[in-house]
Amino acid sequence: MRFMVSLIFDEAQMDEVTPDQMEQIATEMNQFNDELRKAGVYVAGEGLAPSGMARTLRWGEAGKPVATDGPFAESKEQLGGFWILECGGLDEAVEWAGKAPIRNGALEVRPIVESGEEARKLHEQQSRS
């Protein structure tokens, strides 16, 4: 099963990061990505540009999209990057996410729904919990 691991943090904290610290962060992330690849769980992953460069589409009158500046939600935290992992289950995906060289913020680990039938089964499973 595939999982999306979302890196969520306050990007304003990046204003305080020195170039040397940024280089160290990049080195640690590259090492973590290599570990994921060697283990065979890495499917994809990318960092994202600052949320100020984002555009959000919302559907307005007559079903027409209207683009606005910024991230999709008003929040102190933003989506900063993601990994797609192929794991045997949620516990394994959480275990891998816990190894990420993250010093603050949060990681959200969520199963990727690959079909309508799978979405229905996951919804039923969650309803029983």
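Quick note: numbers below take in every heavy atom, side chains included, and nothing from hydrogens, waters or symmetry partners. The shown structure was predicted, so the numbers you read here are calculated from the model rather than taken from an experiment.
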Has Arg110 got more than 12 heavy atoms of other residues, nucleotides or ligands less than 6.0 Å from its CZ? no
Just by distance, with hydrogens left out, do Ser115 and Glu118 show a side-chain donor and acceptor under 3.5 Å apart? no
Side chain proximity check, Glu108 to Val5, heavy atoms < 4.5 angstrom: no
Can you tell if the side chain of Leu48 reaches within under 4.5 Å of the side chain of Gln78, non-hydrogen atoms only? no
Spacing of CZ belonging to Phe9 relative to CE belonging to Met14, to within rounding of 0.5 Å: 5.5 Å
Worked verdict on Arg120 versus Val113 for side chain to side chain contact (heavy atoms under 4.5 Å, CB included): CA-CA 9 Å; Arg120 185 188 61 75; Val113 177; over 6 Å; no
Validation row: Met22, Pro19 side chains within 4.5 angstrom (heavy atoms): no
From Leu85 CG over to Tyr42 OH, what is the distance, rounded to the nearest 0.5 angstrom? 9.0 Å
Restricting to non-hydrogen atoms, name the atom on Asn104 and the atom on Ile102 that form the minimum distance, rounded to 0.1 Å. O-CG2, 3.0 Å
I need the minimum non-hydrogen distance between Gly52 and Glu11, along with the two atoms involved. N-OE2, 4.2 Å
Evaluate the side-chain proximity of Glu95 to Lys99: yes if any heavy-atom separation is below 4.5 Å, no if none is. yes
Examine Leu57 and Leu79 and state if one hydrophobic cluster contains both, with Ile, Leu, Val, Met, Phe, Trp and Tyr joined whenever side-chain heavy atoms are less than 4.5 Å apart. no
Rounded distance (nearest 0.5 Å) linking atom CZ of Arg55 with atom CG of Asp69: 4.0 Å
Over 12 non-hydrogen atoms of neighbours within 6.0 angstrom of CD in Glu114: yes
At what distance, to the nearest 0.5 angstrom, does CD of Glu77 lie from CG of Leu7? 10.0 Å
Is the number of heavy atoms from other residues, nucleotides or ligands under 6.0 Å of Glu23 CD greater than 12? no
No-hydrogen, no-angle side-chain donor-acceptor test under 3.5 Å, Gln24 and Glu28: yes
Provide the closest heavy-atom pair for Pro111 versus Met1 in the form atom of the first, atom of the second, distance. CB-CE, 3.9 Å
Give me the ring orientation class for Trp83 and Phe32: parallel if the planes are under 30° apart, tilted from 30 to 60°, perpendicular past 60°. perpendicular
Decide yes or no for Ile8 and Leu107: does some side-chain heavy atom of the first lie under 4.5 Å from some side-chain heavy atom of the second? no
Kindly indicate whether the side chain of Asn33, heavy atoms from C-beta on, has any atom under 4.5 Å from the side chain of Leu36. yes
For the residue pair Arg128 and Lys121, what are the closest heavy atoms and their distance? NH2-O, 4.5 Å
What heavy-atom pair brings Cys87 and Ala93 nearest, and what distance separates the two atoms? SG-CA, 3.7 Å
